[in-house]
Amino acid sequence: MPRNDDIRFISSSIRIPPPPKPLKRCPFETARSHIAQLVRSFNTHSNELTRSVLLCCATLSLTGKRRPSSPILCSASLSLAESTQPQETQLKGISSPSSSSPASVRQSEERVLISEVLVRNKDGEELERKDLEAEALQALKACRANSALTVREVQEDVHRIINSGYFCSCMPVAVDTRDGIRLVFQVEPNQEFKGLVCEGANVLPAKFLEDSFRDGYGKVINLRRLDEAISSINGWYMERGLFAMVSAVEILSGGILRLQVSEAEVNNISIRFLDRKTGEPTIGKTKPETILRQITTKKGQVYSMLQGKRDVETVLTMGIMEDVSIIPQPADTGKVDMVMNVVERPSGGFSAGGGISSGITTGTLNGLIGSFAYSHRNVFGRNQKLNISLERGQIDSIFRINYTDPWIQGDDKRTSRTIMIQNSRTPGTMVHGDRDGNIILTIGRITGGIEFSRPIRPKWSGTAGLLFQHAGVRDDKGVPIIKDQYSSPLTASGNNYDDTLLAKVETVYTGSGDHGSSMVCNAYYGSSFLISCSMIHDFLLVLQFALNMEQGLPVLPEWLSFTRVNARARKGIEIGPARLNLSVSGGHVVGNFPPYEAFAIGGTNSVRGYDEGAVGSGRSYVIGSGEISFPMFGPVEGVLFSDYGTDLGTGPSVPGDPAGARFKPGSGCGCGFGIRVDSPLGPLRLEYAFNDKKDKRFHFGVGYRN
């Protein structure tokens, strides 16, 4: 069917007053009137031949009562009455079916022979459009020439003609002719569709509206197809969770369709705090504007259930609410008030925990750390977060203060700000351990800085910051030193401490994946890091891509200047019940940097089968890993893995060549198997690996592999 591309439709939000009796969308119901009496019966004993005439009349009735998903058709009322004319008789409607007596009902079941069936216009003349006549005849089921019919069968065929959608009225008339009774269906076709006026559709795209009605332009309005078009409009709203629908339809003179669309606009948005124990309204600690700015639904918008669901999830991710729900309530005509019920979590408290230092490879107890922390997640009622923590082990120690504002006031880009102060001491085993792996050196860092983060695009985020670091190396007695036992330099400046002002830029893309609880992995500048158990978060298992770049700014002559780039990517692929995880990471450093900032390769989160940092340490590195995990029973998973890492031959370019002095190979691979168990602390990993040197080693970790 050719498209009518030269048509113009008008969609207007101007509210015009409706006519006194608009043609509304109404359901096709069964006939409201039944046959009351028989017009005339055959009198076999009469001297004059009298024929029984089957006379019936159907009138089109429009009801204002709306029913969802019903076709825009109208109920027909059918009844019989005695005619005053000798040859052509019409029937007047009866209002109540109960008025029909049992005798008349029995009479209505009597059959009358029909010699001819015709379709004419309301004046009894032939229809100008033969296609409409064919549509009406095709709709007939019982009424055929030379057939004996009952009034009920005629009534049902009247309904079928109306149900075809092309006619606004249908009146069956019985005519007594010389050849017998002729049954004529006098119909009135609908107007031709010449234009459309849509009122109140503020969010419905004009193109969608045009496409829904374009094919019907210039054709007789079919109420069934009109109902399909309106159902598609309602479906468009429903798919987007919008509170809206076509509320009225009117056919104006000249073939103009008028659609009235009702869109429920948001009139007001309010926050109601509920008590955690009683559920009764209470006074909250959070400022309402702190919650309202998280909500994307705004006053004047059409209320959307899907958008409301996203708003609930967004408020929950603030971390200060225990439960959130939205209740729409009717307001002014065509509007709704949105009430958000929130239950606040306790805002602050102390916590204690433990963890394992991945930088310690000898001694079971040496790697254990304990932690104690105070956190307040809703400072000043603005969702600002304060964390003060102390972690202490036999070798490791870290004290840090973090103050985060997740959304800076007055910023419309959702920019967050974090201020951090940290004092840490970590083992230098991964770069500066001796040939036997014994711990000799520790690296102390005092770090302070500020970072700003914001979402860039969906699933993309960016971070920029400025950090100052004061770092140096100490021996096992805590005395600052600048050379190790191999006479290799430990600092880049030649002093006891290196000072660095770092400008940091990072972008992260997080794709879809499984969520899980895991330990926070706190990475510090350099090769050593701690795995802290003091804070547990829900995080996305599949981190697909991250790029980090740091630039040392030599504001003072003795401050270090170097550029470090680091990237990592990860992808998970479902293979039946199993999952294949592929990951790759790499980095490079250019400039004057201290050896403890070199990339260390080998260990639990690097190349398994080797001690921490035992493969090498260089200016550059590449590590690739493949894992296949599969369910075993309950919370236990099995895993097969293979890792490979290399410093790309850059080990000798690190100041002092710490890797060469310790005879590290510079590249290596490992493979093995293990199990993982879900726990309140996150996945517990126990893995057995062997490397290409035929060494075998157990690895234990908490959380997913980096």
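Please read all numbers here as calculations on a predicted model, not as lab measurements.
Salt-bridge check for Arg425 with Asp396: failed, with every basic side-chain N at 4.0 Å or more from each acidic carboxylate O. Between Glu550 and Arg564, at least one side-chain nitrogen of the basic residue sits less than 4.0 Å from a carboxylate oxygen of the acidic one, meeting the salt-bridge criterion. Using a cutoff of 4.0 Å between basic side-chain nitrogens and carboxylate oxygens, Arg676 and Glu627 are scored as salt-bridged. Arg579 has a carboxylate O that lies under 4.0 Å from a charged side-chain N of Glu574, or vice versa, which qualifies the two as a salt bridge. Salt bridge Arg619/Glu597: absent, no basic N to carboxylate O contact under 4.0 Å. By the 4.0 Å N-to-carboxylate-O rule, Lys299 lies too far from Glu265 to be salt-bridged with it. Between Asp405 and Lys385 there is no salt bridge, since no side-chain N of the basic residue sits under 4.0 Å from a carboxylate O of the acidic one.
A donor-acceptor pair is defined here as one N or O able to donate and one able to accept, closer than 3.5 Å; such a pair exists between the side chain of Thr491 and the backbone of Asn495. Checked by atom type and distance alone, the side chain of Ser371 never pairs as donor or acceptor with a backbone atom of Glu391 at under 3.5 Å. Judged purely by atom type and a 3.5 angstrom limit, Glu612 uses its side chain to pair as donor or acceptor with the backbone of Thr604. No side-chain donor-acceptor contact under 3.5 Å links Asp275 to the backbone of Glu280. Listed for the Asn267 side chain is no donor-acceptor partner under 3.5 Å among the backbone atoms of Lys335. Using a distance-only test at 3.5 Å, with no hydrogens or angles considered, no donor-acceptor pair links the side chain of Gln301 to the main chain of Val266. At least one donor-acceptor pair under 3.5 Å links the side chain of Asn378 to the backbone N or O of Asn383. Although no hydrogens or angles enter the test, the distance criterion places a donor-acceptor pair under 3.5 Å between the side chain of Thr650 and the main chain of Ser620. Thr500 places no side-chain N or O within 3.5 Å of a backbone atom of Leu502 that could act as its donor or acceptor partner.
Using a 3.5 Å distance cut-off with no hydrogens or angles, the side chains of Thr563 and Gln551 do pair a donor with an acceptor. No side-chain donor from either of Asn387 and Asn402 sits under 3.5 Å from a side-chain acceptor of the other.
Considering all non-hydrogen atoms of both residues, Asp475 and Val479 come closest at OD1-N, 2.8 Å. Minimum heavy-atom separation, Gly670 to Val607: N-CG1, 3.9 Å. Pairing each heavy atom of Ser617 with each of Pro658, the nearest pair is OG-CG, 4.1 Å. Considering all non-hydrogen atoms of both residues, Asn566 and Gly586 come closest at OD1-O, 2.8 Å. Across every non-hydrogen atom of Pro554 and Trp559, the tightest pair is CB-O, 3.9 Å. Phe243 approaches Pro328 most closely through the heavy-atom pair CE2-CG, 4.4 Å.
Thr290 places a side-chain heavy atom less than 4.5 Å from the side chain of Lys287. Between Tyr621 and Ser606 the shortest side-chain heavy-atom distance does not fall below 4.5 Å. Ile408 is listed as a side-chain neighbour of Phe452, based on a closest heavy-atom distance under 4.5 Å. With contacts defined as side-chain heavy-atom distances shorter than 4.5 Å, the pair Val431/Phe599 does not qualify. In this structure, the side chains of Asp499 and Leu560 stay at 4.5 Å or more apart for every pair of heavy atoms. At a threshold of 4.5 Å between non-hydrogen side-chain atoms, the residues Gln294 and Arg414 count as touching. Side-chain contact check for Tyr610 versus Arg697: every heavy-atom pair is 4.5 Å or farther apart. Between Phe372 and Arg392 the shortest side-chain heavy-atom distance does not fall below 4.5 Å.
Rounded to the nearest 0.5 angstrom, Arg377 CZ and Ile320 CD1 are separated by 9.5 Å. Expressed to the nearest 0.5 Å, how far CG of Leu490 lies from CD1 of Ile481 amounts to 5.0 Å. With values rounded to the nearest 0.5 angstrom, Ile443 atom CD1 is found 7.5 Å from Leu441 atom CG. Residue Arg293 holds its CZ atom at 9.0 Å from CG of Asp411, rounded to the nearest 0.5 Å. Within the model, atoms OG of Ser561 and CG of Asn592 stand 8.0 Å from one another, a figure rounded to the nearest 0.5 Å. Atom OG1 of Thr507 is separated from atom CZ of Arg457 by 11.0 Å, given to the nearest 0.5 angstrom.
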Distance-only donor-acceptor pairs under 3.5 Å for side chains of residues 342-349, two or more places apart:
{"from": "Glu344", "atom 1": "OE1", "to": "Lys285", "atom 2": "N", "distance (Å)": "3.0"}
{"from": "Glu344", "atom 1": "OE2", "to": "Lys285", "atom 2": "N", "distance (Å)": "3.2"}
{"from": "Glu344", "atom 1": "OE2", "to": "Thr286", "atom 2": "N", "distance (Å)": "2.9"}
{"from": "Glu344", "atom 1": "OE2", "to": "Thr286", "atom 2": "OG1", "distance (Å)": "2.6"}
{"from": "Arg345", "atom 1": "NH1", "to": "Gly319", "atom 2": "O", "distance (Å)": "3.2"}

*Check step by step if side-chain contact (heavy atoms from CB on, under 4.5 Å) holds for Thr442 and Ile395.*
CA-CA 8 Å; Thr442 58; Ile395 299 172; 3.9 Å; yes

*Test Leu582 against Leu580 for side-chain contact (heavy atoms from CB on, under 4.5 Å), laying out the working first.*
CA-CA 7 Å; Leu582 302 175; Leu580 173 62; 4.0 Å; yes

*salt bridge (Lys or Arg N to Asp or Glu O under 4.0 Å) between Arg417 and Glu451: does it pass, once the steps are laid out?*
CA-CA 6 Å; Arg417 176 182 56 221; Glu451 290 184 352; over 6 Å; no

*Where do Gln409 and Arg382 land on the side-chain contact (heavy atoms from CB on, under 4.5 Å) test, with the steps shown first?*
CA-CA 9 Å; Gln409 188 173 5; Arg382 298 186 179 276; 3.6 Å; yes

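If you look at Phe545 and Tyr509, their ring centroids are not closer than 6.0 Å.
When each of Arg310, Met340, Gln307 is tested with Ile295 by the rule side chain to side chain contact (heavy atoms under 4.5 Å, CB included), just one qualifies, namely Met340.
Remark: Arg685 fails to qualify as a cation-pi partner of Phe700 under the 6.0 Å distance and 45° angle criteria applied to the six-membered ring.
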